[in-house]
Amino acid sequence: MADPKDIIIGEISNTLSKLVGQSAGAVLRRAGSQASHRLWPELPSDQTIDQAGEIMRQGVEGLGGFGAFELSDDGEGGARIQFRDCFFATMTDDPAKKCGRQPICFFGFGLVEETLMRLTGIRTRVEIVRHDVETSTCHEVARPR
């Protein structure tokens, strides 16, 4: 049984997408960025990307809904990201809004971008690379901007 709060969040995301359309992603990316400060008001700074990844893994997994989270240094100034078994991927009723294209995904992008910047000082832009259906894993990147 899914956590009721995750069902509520998923339905808000789906409804926002229907009402606002393409702008829903931008709105939720911004909301994710702002949520970083509310969820984790005090974070250490000057962390390496790998150190930030461990801090973020604990934080994101503690939120529920987003599944298992990993973030590691890509060797090019950015990061590789994986979300596995994200509950929100099961909430879409629009086949065109697959993983990484749903408004709730953009919330996650903003949350990761802002939290990574706060921890490392590196400004990035997160985007989906691919979704592996067999392992229920979204592979993403955070590229410096």
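Only a predicted model underlies this, so the values are computations on that prediction, with no experimental measurement involved.
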Working to the nearest 0.5 Å, report the span between [atom1] of [X] and [atom2] of [Y].
{"X": "Ser72", "Y": "Glu54", "atom1": "OG", "atom2": "CD", "answer": "12.0 Å"}
{"X": "Arg145", "Y": "Arg123", "atom1": "CZ", "atom2": "CZ", "answer": "6.0 Å"}
{"X": "Phe87", "Y": "Ser136", "atom1": "CZ", "atom2": "OG", "answer": "12.0 Å"}
{"X": "Ile49", "Y": "Thr124", "atom1": "CD1", "atom2": "OG1", "answer": "8.5 Å"}
{"X": "Arg143", "Y": "Glu113", "atom1": "CZ", "atom2": "CD", "answer": "12.5 Å"}
{"X": "Cys138", "Y": "Asp85", "atom1": "SG", "atom2": "CG", "answer": "10.5 Å"}

Looking only at heavy atoms, which two atoms of [X] and [Y] are closest? And how far apart?
{"X": "Leu39", "Y": "Leu111", "answer": "CD1-CD1, 3.9 Å"}
{"X": "Thr120", "Y": "Ala52", "answer": "CG2-CB, 3.7 Å"}
{"X": "Val60", "Y": "Phe83", "answer": "CG1-CE2, 3.9 Å"}
{"X": "Ala68", "Y": "Glu61", "answer": "CA-OE2, 3.5 Å"}
{"X": "Val126", "Y": "Ala142", "answer": "CG2-CB, 3.9 Å"}
{"X": "Gly77", "Y": "Pro144", "answer": "O-CG, 3.1 Å"}

Does a side-chain heavy-atom distance below 4.5 Å link [X] with [Y]?
{"X": "Trp40", "Y": "Ile55", "value": "no"}
{"X": "Thr115", "Y": "Leu43", "value": "yes"}
{"X": "Ile128", "Y": "Glu140", "value": "yes"}
{"X": "Val141", "Y": "Glu127", "value": "yes"}

Applying a strict under-4.5 Å side-chain criterion to I, L, V, M, F, W and Y, I'd like to know whether Leu63 and Leu71 cluster together.
yes
In this structure, would Leu119 and Ile122 fall into the same cluster of hydrophobic residues linked by side-chain contacts under 4.5 Å?
yes
In short, ring-ring contact (aromatic ring centres under 6.0 Å, His included) pairs touching residues 107-145 with sequence neighbours left out are Phe106-Phe109
Has [X] got a side-chain atom pairing as donor or acceptor with [Y]'s backbone, closer than 3.5 angstrom?
{"X": "Arg118", "Y": "Pro41", "value": "yes"}
{"X": "Asp74", "Y": "Arg80", "value": "no"}
{"X": "Gln47", "Y": "Ser45", "value": "yes"}

Step through the shown structure and confirm whether more than 12 heavy atoms of other residues, nucleotides or ligands are within 6.0 Å of CZ on Arg38.
no
